[in-house]
> 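Just dropping this structure here.
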Amino acid sequence: MEKQSQFQLQEGHAPLDVMILAAGLGTRMRSRKAKVLHQLGGRPLIAHVCRTAAALTQRPIHVVVGHQAELVEAAVREELDEHGAVFIKQEEQRGTGDAVKAARDAFAQTNSTLLVLSGDVPLITAETLGALIHQHRTHRGRGAACTILTVRLEDPMGYGRIVRDEEGLFQKIVEQKDATPAERQIKEINAGIYCFETRSLFSALARVEPHNAQGEYYLTDVPEILKSDGEDVSVYLHADAREVSGINTRVELAEFERLLRQRTIRRLMLDSGVTFIDPLHTYVSPETQIGRDCIIYPDVHIEGATIIGDDCEIRAGTRITKSRIGSGVTVKDHCVIVDSEIANNCTVGPSAHLRMQTKLEEGACVGNFVEVKKSRLGRGSKSMHLTYLGDATIGEKTNIGAGTVTCNYDGKNKNPTVIEDNVKIGSDTMLVAPVRVGSGSVTAAGSVVTKDVPPDTLVAGVPAVIKKRLNENKEEQRGEEERLKDGALVTQPE
Ligand code: UD1
Ligand code: CA
């Protein structure tokens, strides 16, 4: 980030604006959904490009929208919430030149360098763009009017080709559909990423005509026009073809997904010290952090900005989404954990489901076929078998017997259940919420608890009634403590 802001602050250079083209449908995706909304690594393509763009300039990012403009704008806003975005509507998609031209009013008189990106090139890095901008500004000591990012491809099919003259200087870009057989042999292609001097760009754009095989306004005609104006056009040939290549089909989308996943898992193995039993069959989002000496088994999916501490074991078939997990945690096979927090040394699963801000405090255990929704389990508490805990607050060292259900929904409202410390909830207890079970109490197997249970009490039956007070001595002792706390020195008149 720091390195990037240097580009803007460099003295003697025009400020940097960034424009992202994202109005197209992306016909080759064969989708009703705009291409830039398809997800890569759990985020829309456009979000990847936006994040990179935001690292390059402090000025708001301009995004040209058209197809499903509202959805694309929402995706951009989610990513650029703080940074700021300006949307430009391209009503009809008449080509990349037309897309840029839609921003004429916003830009034509601006003295800036304009970096043009495509919304469908998600892996481009800020470093590469920084190098492109640098070359643009230093070309022949005075800077160029336009610099084109190119790569060489073994199979350049479909891309615009870079035509150079005998001296190897840039001549023009020719699109696949307009290229002669000889031009189609050229392996150097236009990545669709450019730097322009903003005023030169809009001056040339006004002269672009749709006289080509597709009847479109090509942005790719601009460099040739600038050249004929006597302006400098420079080419930045980049080595990593995959980084700058766009996604056009679902096959490419899947390849990128694999690439991104491999990068993430490699980083976690090499830098963070995480063991993956089978890296090829483990799915980890790029935003995930995992601590040292964790072991991740096959077919585990870790999504969103999930954070996992050290020494955890995540067993096969588990999905963890946007959650925070402490150290020394074991998640056994086939669990689903979403938007939840698990403290150190907890055990979860097999086949448990934690969701909606569920919190497990240190050493808590949730076991086989237990669902926990929007609930908190205190330190060392356990719910090991066949249970639903919803909207429940459970204290420390409490045991929830097999088959317990918090009946939290009365058909209209979701009601809370509170279970205090050191409680034993017997197997198959129904807790009809709102309800509270006091500390040290016990519910017998099969109880249907409809009323609050005082502390240290055994209840049983349907509906549950008080069977006896537990630990009378303890009760007295507690009363004594209370009195002493109140500062009363004489016996209470009971
Ligand atoms: C473009 C280039 C081609 C280059 C390739 C690299 C042109 C004419 N061709 O072709 O030289 O090799 O990218 O990937 O520019 N868009 C709009 N409005 C439009 C048309 C497109 O916003 O009217 C947006 C798309 O949403 C997309 C980007 O521009 O994000 C590129 O458009 P696309 O149709 O994918 O261009 P290509 O045919 O791939
Ligand atoms: Ca494309």
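Both counts, for ligands and for their atoms, begin at 1 and track the order of listing.
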> Mark up the atoms of ligand 1 that fall under 4.0 Å of a heavy atom belonging to A99, in ascending order.
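Ligand 1 atoms under the 4.0 Å threshold to A99: 17 (C), 18 (N), 22 (O).
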> If you measure every N/O of Y218 against every N/O of ligand 1, is any gap under 3.5 Å?
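No, no N or O pair falls under 3.5 Å.
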> Examine the side chains of R142 and T138 and answer whether a donor and an acceptor come within less than 3.5 Å of each other.
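The answer is no; no qualifying pair exists.
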> How close do A126 and L56 get, counting heavy atoms only, and between which atoms?
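In this case the closest contact between A126 and L56 is O-CD2, 3.9 Å.
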> Among P156, G95, A102, G97, which residue places a heavy atom closest to atom 20 (C) of ligand 1?
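Among P156, G95, A102, G97, the closest heavy atom to atom 20 (C) of ligand 1 belongs to G95.
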> Can the positive tip of K373 be found less than 6.0 Å from the middle of the six-membered ring of Y388, inside 45° of the ring normal?
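No; the conditions do not both hold, so K373 does not lie above the ring face of Y388.
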> Run the contact test for G246 against ligand 1 with a 4.0 Å cut-off on heavy atoms, strictly below, and give the result.
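Not so, G246 does not reach ligand 1.
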> Where's the contact between A23 and ligand 1, heavy-atom distance under 4.0 Å: side chain, backbone, both or neither?
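Both of them.
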> Find all atoms of ligand 1 within a distance of less than 4.0 Å from any non-hydrogen atom belonging to A22, and give their numbers and elements.
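Near A22, the atoms of ligand 1 are 22 (O), 26 (O).
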> When you check the gap from the basic side-chain N to the acidic O, do D310 and R292 get nearer than 4.0 Å?
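Salt bridge absent between D310 and R292.
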> Report yes or no: is the cationic atom of R315 (NZ for Lys, CZ for Arg) under 6.0 Å from the centre of the six-membered ring of Y297, at an angle within 45° of the ring normal?
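So R315 does make the cation-pi contact.
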> For ligand 1, is there an N or O atom under 3.5 Å from any N or O atom of E175?
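Yes, at least one N or O pair falls under 3.5 Å.
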> Please work out which of T96, L153, D120, V222 has its closest non-hydrogen atom nearest to atom 15 (O) of ligand 1.
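Result: the heavy atom closest to atom 15 (O) of ligand 1 is in T96.
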> Do any N/O atoms on G24 end up under 3.5 angstrom from N/O atoms on ligand 1?
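Between G24 and ligand 1, an N or O pair is found under 3.5 Å apart.
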> Tell me whether L21 has any N or O atom under 3.5 angstrom from an N or O of ligand 1.
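Checking ligand 1 against L21, an N or O pair does fall under 3.5 Å apart.
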> Is ligand 1 less than 4.0 angstrom away from at least one heavy atom of I189?
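No.
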> Regarding S31 and H38, is there a side-chain donor-to-acceptor distance under 3.5 Å anywhere?
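Distance-only check passes for S31 and H38.
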> Taking only heavy atoms of G160, which atoms of ligand 1 are found under 4.0 Å from at least one of them?
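Those of ligand 1 that fall under 4.0 Å from G160 are 3 (C), 4 (C), 11 (O), 12 (O).
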> Side chain of D178, backbone of A213: donor and acceptor closer than 3.5 Å?
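At least one qualifying donor-acceptor pair exists.
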> Which atoms from ligand 1 have a heavy atom of S118 less than 4.0 Å away?
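Answer, ordered by atom number: 28 (C), 31 (C).
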> Applying the salt bridge (charged side-chain N to carboxylate O under 4.0 Å, His left out) test to D232, which of K227, R140, R137 qualifies?
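Single pass found, and it is R140.
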> Within a distance under 4.0 Å of any heavy atom of R94, pick out the atoms of ligand 1 and give their elements.
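Atoms satisfying the 4.0 Å criterion: 23 (O).
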> E92 versus ligand 1: do any nitrogen or oxygen atoms come within less than 3.5 Å of each other?
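No, there is no polar N/O contact under 3.5 Å.
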> At under 4.0 Å between heavy atoms, which part of S245 makes contact with ligand 1: side chain, backbone, both or neither?
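No part of S245 is near ligand 1 at this cut-off.
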> Under 3.5 Å between some N or O of ligand 1 and some N or O of Y159?
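Looking only at distances, the answer is no, because the N/O contact criterion of under 3.5 Å is not met.
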> Using heavy atoms and a 4.0 Å limit, tell me yes or no: is G119 in contact with ligand 1?
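Checking ligand 1 against G119, which is what was asked, there is a heavy-atom contact under 4.0 Å.
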> Can you confirm if the aromatic rings of F196 and H136 lie within a centre distance of less than 6.0 Å?
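No; F196 has its ring centre 6.0 Å or more from that of H136.
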> Is it the case that the side chains of S327 and D311 hold a donor-acceptor pair, with the cut-off being a distance below 3.5 Å and no angle test?
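No donor-acceptor contact under 3.5 Å links the two side chains.
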> Among K322, R261, R319, which one satisfies salt bridge (charged side-chain N to carboxylate O under 4.0 Å, His left out) with E303?
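Passing option: R319.
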